[in-house]
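Below, each value reflects all heavy atoms present in this structure, side chains not excepted, and no hydrogens, waters or symmetry copies. Sequence positions, counted from 1, serve as the residue numbers for this chain. All figures in this text were calculated on a predicted structure; none of them were measured in a lab.
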Amino acid sequence: MQKSGACTRLYFLEDCSFISWPPLIHTKRNPTVSCGRASASPEQPQMAAFGHTFPFYAGPKPTFPTDTTLAVIVAIFLTSLATFIIILPGIRGKMRLFWMLRVVTSLFIGAVILAVNFSSEWSVGQVSTNTSYKAFSSQWISANVGLQIGLGGVNITLTGTPVQQLNETIDYNEEFTWHLGENYAEEYANALEKGLPDPVLYLAEKFTPHSPCGLHGQYRLAGHYTSAMLWVAFLCWLLANVMLSMPVLVYGGHMLLATGLFQLLGLLFFSMATSLTPPCPLRLGAATLHTHRGPAYWITLTTGLLCVLLGLAMVVAHRMQPHRLKAFFSQSVGEDPVLELNPEEGGLLNPRYRSTTESPEPQDIPLSEASSEAPCEEPDCAL
């Protein structure tokens, strides 16, 4: 029964418990509880949209086995890799191996930078506990509660053990975001109106702007600066690929080094921002949920160190072995050191002819004594 005034949006169930569910109306046949203003008629019928039950959702939510954003990123880079593999047989010799190694490494670095930027596993935590399920209810459930914190929001999962409990399917996966102008407080209010389970609402409330834990400002600040550093690293990766395809390999190495440094700088911002305040206790029933660094953090660290090592190796190779570096990037003509490319004519010249060709001074060509002293017998010789 819908009440008015202070009891707006509260509905009485058969056990006289409250639930926030505006679209559904359920009245008790013989209610004896009122809100101080009105009571229901004894003859009012029951009304419910789904078989006289009150599910938390209007129906089963279709789920995708993984994050759609990450799936799109992985699909794009795998498609690019497949395209390069198709044209791989057109490359001859051992250059095929070098070319394949460069393509796989470059695509891996770019995919990691984009994927971790949209990942929700920078800080993760999971706990198995017995906790309350609904508000104003004494019923408890056994479930696994998971918390994933990303650069743009949090993801909370609740999975029952077993999934079927209390005649319901307990399998929730809720996301609350704060990036790109999203209003976290509004999303939390919508979750309250939907009537999400207690564990989900409890963890989501800890990240609200007005929570005494201060987790919202802490992780929002960390996510903002870390995401900015990752986008700069992605731009450096693009510039590195452009320069490595041109005869400026040393600058490509510098940009690859900058790619790794910006990734490590983003990790530094994330670690510093998340350590500003002491950890907030997250108690669910008799258990406490603890968070730690997630896979996205460690993958970013590994990729950043890889980029730094590759950039330093290219800078050192450019000073020590420039010919081998050019051969690795398919920018040398061949393995014969006698033949080199003339940049002005675009052809191959032997070094012993280069002094004659490139010298601006005229060259005297000596004549043999026999040819100079030979008598002129032909009639046209005097001319």
Does R96 CZ have over 12 foreign heavy atoms under 6.0 Å away? yes
Are W140 and Y133 an aromatic pair, judged by ring center distance below 6.0 Å? no
Measure the acute angle between the ring planes of H216 and W178, then classify it against the limits of 30° and 60° as parallel, tilted or perpendicular. perpendicular
According to a hydrophobic-cluster definition based on side-chain heavy atoms being under 4.5 Å apart (Ile, Leu, Val, Met, Phe, Trp, Tyr only), do L203 and V200 belong together? yes
Quick one: pull up CG in L310 and OG1 in T105 and give me the separation to the nearest 0.5 Å. 7.0 Å
In short, T161 meets A143 closest at the heavy-atom pair OG1-N, 3.7 Å
Is it the case that one hydrophobic cluster holds both W231 and L256, taking links as side-chain heavy atoms less than 4.5 Å apart, direct or via other members? yes
Regarding T159 and N144, do their side chains bring together a donor and an acceptor under 3.5 Å, going by distance alone? no
Value rounded to 0.5 Å, distance of CD in Q139 from CG in L166: 5.0 Å
Parallel, tilted or perpendicular: which one describes the rings of F176 and Y184, with boundaries at 30° and 60°? tilted
Please give the remaining members of the hydrophobic cluster of L97, linking ILVMFWY side chains under 4.5 Å, ordered by chain and number. none
Please work out whether the ring planes of F98 and F328 are parallel, tilted or perpendicular, with thresholds of 30° and 60°. tilted
Check: T303 side chain, I299 main-chain N or O, donor-acceptor pair, under 3.5 Å: yes
Residues joined to V316 in its hydrophobic cluster, side chain to side chain under 4.5 Å directly or through other members, sorted by chain and number, are M320
Check S132 against P199 and note the closest heavy-atom contact, atom names and distance. O-CD, 3.4 Å
Would you say the side-chain atoms of E187 and T177 include a donor-acceptor pair closer than 3.5 Å? yes
Taking all non-hydrogen atoms of both residues into account, name the closest pair between L289 and Q126 and its distance. CD1-N, 3.3 Å
Can a donor-acceptor pair be found, under 3.5 Å and without considering hydrogens, that links the side chain of S211 to the backbone of T208? no
Backbone N or O of I113 within a donor-acceptor pair of the W237 side chain at under 3.5 Å? no
Nearest 0.5 Å please: distance from the CG atom of N130 over to the CD1 atom of I141. 9.0 Å
Any donor and acceptor pair, going by atom type alone, linking the side chain of S119 with main-chain N or O of A115 inside 3.5 Å? no
Check: N173 main-chain N/O paired with T157 side-chain donor or acceptor under 3.5 Å: no
Do W298 and Y219 belong together in a cluster built from hydrophobic side chains that touch within less than 4.5 Å? yes
Counting only N and O atoms by type, is there a donor-acceptor contact under 3.5 Å from the side chain of Q165 to the main-chain atoms of P162? yes
Are L305 and V116 connected, step by step, through hydrophobic side chains (Ile, Leu, Val, Met, Phe, Trp, Tyr) whose heavy atoms are closer than 4.5 Å? yes
Which heavy-atom pair separates V248 from M243 by the least distance, and what is that distance? CG2-O, 3.5 Å
Is it true that, when you exclude Y251 itself, more than 12 heavy atoms of the residues, nucleotides or ligands shown sit nearer than 6.0 Å to its OH? no
Is it true that V74 and I109 fall in one hydrophobic cluster, defined by side-chain heavy atoms closer than 4.5 Å? no
Under 3.5 Å, side chain of T288 to main-chain N/O of L284, donor-acceptor pair present? no
For Y225, does the OH atom have more than 12 heavy-atom neighbours from other residues, nucleotides or ligands under 6.0 Å away? no
Salt-bridged, E121 to R293, with N to O below 4.0 Å? no
